[in-house]
*Asks:* 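Sharing a structure below in structure tokens format, with a few things to ask.
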Amino acid sequence: MSSNSQPAFPGVPAITGALSLTNADITSFKDLHTVPADSNGVMVGRLRASSTDTGPVTLQFARTLAGADYVYGESQVPAGSGTNGSAGWKDIMNDLNLGNAMTLAPGEKLRVRAKTAVTAGLKIDLIMEAAPL
């Protein structure tokens with residue numbers, strides 16, 4: 001049995017998306033990541049949230065295809081997740097895709113909004129890690 005010492009995607013850089021949500025982000029979706037139309041798409045492997053809020057915040061995610069938003073799911077980020085020393089960051093992929101990676105098509109957007117208000121002066125940070133296909 002031979003082993004392959006080459007990575008599965010040699011020379012392909014990772015994709016990282018980051019976004020902060022504040023009290024003003026309750027009404028409309030914000031783009032977390034837009035897949036280039038001239039690509040083969042991306043595979044989102046991780047999506048994590050941390051919060052400085054003192055209460056839980058529900059996030060709503062949508063996938064945008066051909067200019068239309070389609071709600072994909074929701075995830076509640078506990079108070080102080082990843083920032084207060086006692087609650088760890090929130091793994092959003094567990095709620096959106098049963099912990100599995102998800103693919104986004106060329107030209108597709110992954111969008112998010114706070115469905116419940118973020119406390120004024122506080123924020124939710126999102127970090128996405130993906131790979132081009």
Side-chain angles (χ1 to χ4, degrees):
M1 176 182 268
S2 66
S3 67
N4 184 355
S5 62
Q6 298 298 316
F9 300 100
V12 177
I15 297 167
T16 301
L19 180 68
S20 291
L21 297 174
T22 64
N23 185 264
D25 299 316
I26 192 168
T27 56
S28 59
F29 284 107
K30 290 179 74 172
D31 294 350
L32 177 58
H33 184 70
T34 301
V35 181
D38 62 350
S39 72
N40 291 323
V42 300
M43 180 172 291
V44 179
R46 291 187 184 112
L47 182 54
R48 295 178 175 162
S50 61
S51 172
T52 60
D53 207 314
T54 54
V57 176
T58 300
L59 303 180
Q60 188 175 63
F61 292 83
R63 295 172 76 160
T64 303
L65 298 165
D69 289 329
Y70 298 92
V71 173
Y72 189 69
E74 296 180 352
S75 183
Q76 188 177 76
V77 180
S81 295
T83 63
N84 67 6
S86 61
W89 45 258
K90 171 72 179 199
D91 185 346
I92 302 294
M93 293 302 287
N94 281 342
D95 295 336
L96 290 186
N97 212 37
L98 301 175
N100 296 313
M102 78 176 161
T103 57
L104 300 174
E108 185 174 352
K109 293 180 181 182
L110 180 60
R111 307 184 80 202
V112 61
R113 69 178 167 196
K115 189 175 177 185
T116 56
V118 177
T119 303
L122 303 177
K123 66 179 182 165
I124 305 288
D125 288 328
L126 295 157
I127 300 287
M128 179 200 78
E129 297 173 15
L133 296 174

*Asks:* Within the side chain of Asn23, is there an N or O that forms a donor-acceptor pair under 3.5 Å with the backbone of Thr119?
*Replies:* no
*Asks:* Looking only at non-hydrogen atoms, find the nearest pair between Ser81 and Ala49 and report the distance.
*Replies:* CB-O, 4.3 Å
*Asks:* Please set out all donor-acceptor pairs under 3.5 angstrom arising from side-chain atoms of residues 124-133, sequence neighbours excluded.
*Replies:*
{"residue": "Asp125", "atom": "OD1", "partner": "Ser20", "partner atom": "OG", "Å": "2.4"}
{"residue": "Asp125", "atom": "OD2", "partner": "Lys123", "partner atom": "NZ", "Å": "3.3"}
{"residue": "Glu129", "atom": "OE1", "partner": "Arg46", "partner atom": "NH1", "Å": "2.7"}

*Asks:* Which atoms form the tightest heavy-atom contact between Asn94 and Gly99, and what is the distance?
*Replies:* OD1-CA, 3.3 Å
*Asks:* How long is the straight-line distance from NZ of Lys115 back to CG of Leu21, given to the nearest 0.5 Å?
*Replies:* 15.0 Å
*Asks:* Taking Thr22's backbone N and O only, do any of them form a donor-acceptor pair with Asp25's side chain (distance below 3.5 Å, no angle check)?
*Replies:* yes
*Asks:* Is the closest side-chain donor-acceptor distance between Asp53 and Ser51 under 3.5 Å?
*Replies:* no
*Asks:* Which distance, rounded to the nearest 0.5 Å, do you find between the CD1 of Ile92 and the CD of Gln76?
*Replies:* 10.5 Å
*Asks:* Using side-chain contact (heavy atoms from CB on, under 4.5 Å), reason through Leu59 and Lys90 one step at a time and then give a plain yes or no.
*Replies:* CA-CA 11 Å; Leu59 303 180; Lys90 171 72 179 199; over 6 Å; no
*Asks:* Are Trp89 and Val118 connected in the hydrophobic side-chain network, where two residues link if heavy atoms are under 4.5 Å apart?
*Replies:* no
*Asks:* Leu65: which other cluster members, linking ILVMFWY side chains closer than 4.5 Å, directly or transitively?
*Replies:* Tyr70
*Asks:* Mark yes or no for whether Thr52, through its side chain, and Leu122, through its backbone, hold a donor-acceptor pair below 3.5 Å.
*Replies:* no
*Asks:* Where is the tightest heavy-atom contact between Ala37 and Pro106, given as atom of each residue plus distance?
*Replies:* O-CB, 3.6 Å
*Asks:* To the nearest 0.5 Å, what is the distance between CZ (Arg48) and CE (Met93)?
*Replies:* 11.0 Å
*Asks:* Please tell me whether Val35 and Met102 are part of a single hydrophobic cluster in this structure, the criterion being side-chain heavy atoms less than 4.5 Å apart.
*Replies:* yes
*Asks:* What do the steps show when you test Phe29 against Lys109 for side-chain contact (heavy atoms from CB on, under 4.5 Å), and what is the final call?
*Replies:* CA-CA 11 Å; Phe29 284 107; Lys109 293 180 181 182; over 6 Å; no
*Asks:* I need the Ile15 CD1 to Met43 CE distance, nearest 0.5 Å.
*Replies:* 11.5 Å
*Asks:* Could you tell me which non-hydrogen atom of Asn84 sits nearest to which non-hydrogen atom of Ala79, and how far apart they are?
*Replies:* ND2-O, 3.8 Å
*Asks:* Which distance, rounded to the nearest 0.5 Å, do you find between the OG1 of Thr27 and the CZ of Arg113?
*Replies:* 8.0 Å
*Asks:* Tell me which one of Asp69, Ile26, Val71 satisfies side-chain contact (heavy atoms from CB on, under 4.5 Å) with Gln60.
*Replies:* Val71
*Asks:* Could you tell me which non-hydrogen atom of Thr116 sits nearest to which non-hydrogen atom of Thr58, and how far apart they are?
*Replies:* OG1-N, 2.8 Å
*Asks:* Of all the heavy-atom pairs spanning Asn97 and Ala101, show the shortest one and how long it is.
*Replies:* ND2-O, 2.8 Å
*Asks:* For a side-chain contact (heavy atoms from CB on, under 4.5 Å) check, start with the C-alpha distance between Phe61 and Leu47, then their side-chain angles and the critical distance, and finish with the verdict.
*Replies:* CA-CA 11 Å; Phe61 292 83; Leu47 182 54; 3.8 Å; yes
